[in-house]
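Reviewing the structure listed below.
Below, each value reflects all heavy atoms present in this structure, side chains not excepted, and no hydrogens, waters or symmetry copies.
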Amino acid sequence: MSGAVDELLARLKRESGVLVRVESTQGSAPREAGTWMAVWADGLTATIGGGQLEFQATDEARAWLAGGPPIEGVQRYPLGPSLGQCCGGVVFLSFRRISAADAKALQTELLAHLEPVALFGGGHVGAALARLLSTLPFSVRWIDSRDGVFPDDLPAQIETEHSDPVQDAVAQLATGSRVLIMSFSHAEDLDIVIACLKRLRARGDLPYVGLIGSKTKWATFRHRLEARGFTAEEMARITCPIGVPGITGKEPEVIAVAVAAQLLQQ
């Protein structure tokens with residue numbers, strides 16, 4: 001799997017396009033501000049919500065690509081009878097010509113709008129999660145203490161980091177990071193949990209900290225954390241087991257789906 005940003009960057013090497021972005025909305029709308037799509041002469045990358053709005057925006061962007069007049073300023077689209085959409089709100093779109101020269105700036109710009117996730121652990125579940133998260137609105141900082149565990153040619157949304165000791169990386173995480181802990185050892189997992197709890201105590205800026213494992217594993221960790229002085233209220237900030245309830249499969253890809261769904265709920 002690869003993310004929409006990767007598809008955009010790959011296509012920009014071959015042709016120019018138009019970046020269409022949702023600048024703002026009023027009332028009910030198919031997608032939120034910041035959503036984008038790239039329009040090419042014979043295809044699309046990503047989506048601004050489909051329907052007649054996307055059809056009309058695509059038509060206008062392709063007319064510009066074909067030599068028509070440039071689309072200047074922010075355009076207003078009422079989602080009513082004139083567009084054949086029953087949302088009832090208003091969407092404001094911007095249009096921008098893009099080419100290979102814009103690739104680096106676009107990568108930085110588009111990834112900056114993604115929600116940060118810190119994924120500790122390069123094992124099978126970690127790899128399945130990284131692949132899945134790269135197709136969702138997340139940027140992933142993938143961290144492990146071991147050398148040579150990360151695959152080559154990762155999507156643009158994934159940044160890898162070697163950290164030994166692994167828990168040292170917690171202090172440098174982006175504010176608002178959602179943290180997933182699934183290292184190769186329980187000892188490392190515990191060290192990462194402790195580092196997260198200390199950061200939460202000092203800064204309170206990690207909205208979700210999830211630890212892979214069973215209820216038995218968490219009971220063992222809880223006793224060790226109590227011995228280190230963490231309160232019940234502090235430990236309640238840790239989610240273990242992770243993943244939405246009701247998904248019982250143990251395959252890495254199944255676990256990844258359950259965990260990704262839980263992240264999207266945060």
Can you pull out every side chain to side chain donor-acceptor pair (under 3.5 Å) where at least one residue sits in residues 187-199? Sequence neighbours excluded, please.
S145-E188, S183-D189, D189-K217, R199-D205
Any V259 side-chain heavy atom under 4.5 Å of V125 side chain:
no
Hydrophobic cluster (4.5 angstrom, side-chain heavy atoms) - remaining members for I192:
F120, I143, V166, V170, L173, V179, I181, L190, V193, I194, L197, L200, L206, V209, L211, W218, F221, L225, F230, M235, I238
Ignoring hydrogens and geometry beyond distance, is a side-chain donor-acceptor pair present between E60 and Q56 at under 3.5 Å?
yes
Any pair counted as ring pair (Phe, Tyr, Trp, His ring centres under 6.0 Å), so long as it reaches residues 174-203, sequence neighbours left out
none
Where at least one partner belongs to residues 220-245, residue pairs that pass salt bridge (charged side-chain N to carboxylate O under 4.0 Å, His left out), sequence neighbours excluded:
R201-E234
T220 meets the side chain to side chain donor-acceptor pair (under 3.5 Å) criterion, sequence neighbours left out, with none
Closest approach of A33 to S24 (non-hydrogen atoms, all atoms of both residues):
CB-CA, 4.1 Å
Can you name the side-chain contact (heavy atoms from CB on, under 4.5 Å) partners of L65, sequence neighbours left out?
V18, R97
Rounding to 0.5 Å, atoms CG (L129) and CD1 (I242) come to a distance of 7.0 Å
Within the 6.0 Å centroid threshold, strictly below: F150 and W142
yes
Closest contact, heavy atoms only, A46 versus A4:
CB-CB, 4.1 Å
Please name all residues satisfying salt bridge (charged side-chain N to carboxylate O under 4.0 Å, His left out) with E253, sequence neighbours left out, ordered by chain then number.
R131
Dump the intermediate steps for side-chain contact (heavy atoms from CB on, under 4.5 Å) on H162 and V149, then the final yes or no.
CA-CA 9 Å; H162 173 264; V149 299; over 6 Å; no
Let me confirm one number: the CZ-CD1 distance from R31 to I48, rounded to the nearest 0.5 Å.
9.5 Å
Please confirm whether the backbone N or O of A156 pairs with a side-chain atom of E159, one donor and one acceptor, at under 3.5 Å?
no
Could you note down all residue pairs passing side chain to side chain donor-acceptor pair (under 3.5 Å) where residues 111-125 supplies at least one of them, sequence neighbours left out?
E115-R178
Roughly how far, to the nearest 0.5 Å, is CD1 of I71 from CZ of R96?
14.0 Å
In the structure I gave you, are the side-chain heavy atoms of Q157 and V140 within less than 4.5 Å of one another anywhere?
no
Are L93 and L53 side-chain neighbours, meaning at least one heavy-atom pair lies under 4.5 Å?
yes
List the atom of L12, the atom of A103, and the distance in Å for their closest heavy-atom pair.
CD1-CA, 4.2 Å
In short, S177 meets A174 closest at the heavy-atom pair OG-O, 2.7 Å
Does atom CG of D42 have more than 12 heavy-atom neighbours, drawn from other residues, nucleotides or ligands, at distances under 6.0 Å?
yes
Can you list every pair that meets side chain to side chain donor-acceptor pair (under 3.5 Å) and has a residue in residues 14-23, with sequence neighbours left out?
R11-E15, R21-E109, E23-S94
Cluster question for you: counting only ILVMFWY and a side-chain heavy-atom cut-off of under 4.5 Å, with indirect links fine, are W40 and L9 together?
yes
Please report the interatomic distance OG(S134) to CG(L114), rounded to the nearest 0.5 Å.
10.5 Å
P30 side chain reached by V91 side chain, heavy atoms, under 4.5 Å:
yes
Can you see which heavy atom on V20 is nearest to which on A57, and at what distance?
CG1-CB, 4.4 Å
Nearest heavy-atom neighbours spanning I158 and A130
CD1-O, 3.4 Å
Backbone of L79 reached by a side-chain donor or acceptor of Q52 within 3.5 Å:
no
With sequence neighbours left out, the residues meeting ring-ring contact (aromatic ring centres under 6.0 Å, His included) with W36 are none
Among the clusters formed by ILVMFWY side chains lying less than 4.5 Å apart, do I98 and V74 turn up in the same one?
no
Write out all pairs satisfying salt bridge (charged side-chain N to carboxylate O under 4.0 Å, His left out) with one or both partners inside residues 137-150, taking only residues at least two apart or from two chains.
R141-E161, D144-R146
Would you say L110 and L154 are hydrophobically clustered, going by side-chain heavy atoms of ILVMFWY under 4.5 Å?
no
Going from CG on L44 to OG1 on T58, what distance comes out if it is rounded to the nearest 0.5 angstrom?
4.5 Å
How long is the gap from OH on Y208 to CG on L263, to the nearest 0.5 Å?
5.5 Å
Counting C-beta onward and ignoring hydrogens, is there a side-chain heavy-atom pair between F138 and L264 closer than 4.5 Å?
yes
For P241, give me all partners under side-chain contact (heavy atoms from CB on, under 4.5 Å), at least two apart in sequence or on another chain.
K215
